[in-house]
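Note that this is a predicted model, so its numbers are computed, not measured. Here is how names work: the chains are called A, B, and so on, in the same order as the sequence lines, proteins then strands, and each is numbered from 1.
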2 protein chains.
Amino acid sequence: MKSGSPARGTSRGASAADSKLKASNGGDTNGAAATPLRFGPLADYVGYALRRAQMSSVTGFLDAMKEVDLRPTQFAVLTLINENPGVRQNDICAALGLQKANFVPLLNELQRRGLAVRKEGVADRRSSALHLTPAGMTLLRRALELHTEWERRILARLGTRGRDQLLVLLNKLL
Amino acid sequence: MKSGSPARGTSRGASAADSKLKASNGGDTNGAAATPLRFGPLADYVGYALRRAQMSSVTGFLDAMKEVDLRPTQFAVLTLINENPGVRQNDICAALGLQKANFVPLLNELQRRGLAVRKEGVADRRSSALHLTPAGMTLLRRALELHTEWERRILARLGTRGRDQLLVLLNKLL
DNA sequence: TGTCACGGTTATATACTATAACCATCTACT
DNA sequence: AGTAGATGGTTATAGTATATAACCGTGACA
């Protein structure tokens, strides 16, 4: 439906770049269908593993959240607005690493759906104070339930300890 | 220059969704600039951590590889072709989770740069057998050097053990 | 021989990200 | 007070990545 799951290499326990640059495969890999490919060093690259994990994560998220129809960024924005009522757009952008220009249509959509609103900034009339509408709060509450359910499935794969380790390791990459 | 690094939450050691849905911030967060935001449960979400780590990884990759001017996908494709000379386009697509339609311009670009070529399939005249050109091999060799250097920097942050743990954990998410 | 599956291509739509220019407002300094 | 520069938000635009459907030539097989 969403994405053909990428096959992954044999991921030996080896440490770093070992099979430097030799083809090391018999003749031309041709003829039979469904050829299993040699991944070479690719199988042990952190960047590549991250990429696949993130793709899988996004499709899992979209699948889990299809009832509320929220994309990852939208969900994050709603969460941040809820946690920081009256927050300015720029702060949300800085927090999530978004471009302020790209935030405009994103928030427009949330506003169109009646989930969030821009109110006039009181101290600074340039800035808009962001708030969730009651509908937005209700939807976010449901989204949090769905998200918790999804993370429970992740936890089943990683274990609580594995998940905490993963978070620590990922944060070291920033 | 590349991307404003997204600030990250306080990431308490707590386990799962705890601070459910209460604003819990004094009044409106307005007035002072550079407001540090409450991230709420977002700080502990695997998907969110993955997203940021992957963004950071991509910019790091592009920075490390700018001498050879290869994007992550291009690098992966060159590696796979090198490891499996004569491979078919569809197999590369399946291996990397790409859409075959999107692979066409990607390979066109590699061919335009003289790094890879489509040769006629011998057994099946529909399929094209992909090969690296000598120039492609030379560039890939240099790219592997640069990539190894980059992964060395990653290793400095994670430690060998941490890196191996990370790979195992990420693979559990697929 | 005719039907169907498959490899590759084209065309197209959507989403995400990035940059530059612009307006209104605020701040700071003279 | 008044001006210069910084800031919040918007618009316009471009490039990249991803997804779908339709199509053509070829191969497999009844």
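Between the A:Gln89 side chain and the A:Ser128 main chain, no donor and acceptor come within less than 3.5 Å of each other.
If you check D:dG27, D:dT20, C:dG8 against the side chain of B:Ala101, the one that comes closest is D:dT20. Nearest nucleotide to the side chain of A:Asn90, out of D:dG8, C:dT9, D:dT7: D:dG8. Checked against C:dG8, D:dT18, C:dT17, the side chain of B:Asn102 finds its nearest nucleotide in D:dT18.
Atom CG in B:Leu98 sits about 10 Å away from atom P in D:dA17, given to the nearest Å. In this entry the distance linking CD of A:Glu120 with P of D:dT10 reads 12 Å, nearest Å. Per the geometry, CG belonging to A:Asp124 stands 8 Å off P belonging to D:dG9, to the nearest Å. Protein atom CG of B:Asp69 is 10 Å distant from nucleotide atom P of D:dT16, rounded to whole Å. Protein atom CD of A:Gln99 is 9 Å distant from nucleotide atom P of C:dT17, rounded to whole Å. The separation between A:Gln54 atom CD and D:dT18 atom P is 10 Å, rounded to whole Å. Summarising the geometry, the separation between CZ on B:Phe103 and P on D:dT16 is reported as 17 Å, rounded to the nearest angstrom. Rounded to a whole Å, the CZ atom of B:Phe61 is 15 Å from the P atom of D:dT16.
Ion pairing between A:Glu149 and A:Arg152 fails under the 4.0 Å rule for side-chain N and carboxylate O.
For D:dC24, neither phosphate oxygen OP1 nor OP2 lies less than 4.0 angstrom from any side-chain nitrogen or oxygen of B:Arg125. Listed pair A:Arg88 / C:dT25 fails the phosphate criterion, with no side-chain N or O lying under 4.0 Å from OP1 or OP2. Checking the phosphate oxygens (OP1, OP2) of D:dG9, no side-chain nitrogen or oxygen of A:Arg126 falls inside 4.0 Å. In this model, the phosphate group of D:dT16 is approached by a side-chain N or O of B:Arg71 to a distance below 4.0 Å at OP1 or OP2.
Two residues, A:Thr73 and A:Lys100, neighbour DNA chain C, and the one matched to the more 5' nucleotide by heavy-atom proximity is A:Thr73.
Just one residue in the list B:Val87, B:Asn84, B:Leu107, B:Leu106 forms a side chain to side chain contact (heavy atoms under 4.5 Å, CB included) with B:Ile92, and that residue is B:Val87. Each of A:Leu140, A:Leu146, A:Leu80 was scored for a side chain to side chain contact (heavy atoms under 4.5 Å, CB included) with A:Phe75, with one residue passing: A:Leu140.
Between B:Arg51 and A:Leu98 the shortest heavy-atom distance is NH2-CD2, 3.7 Å.
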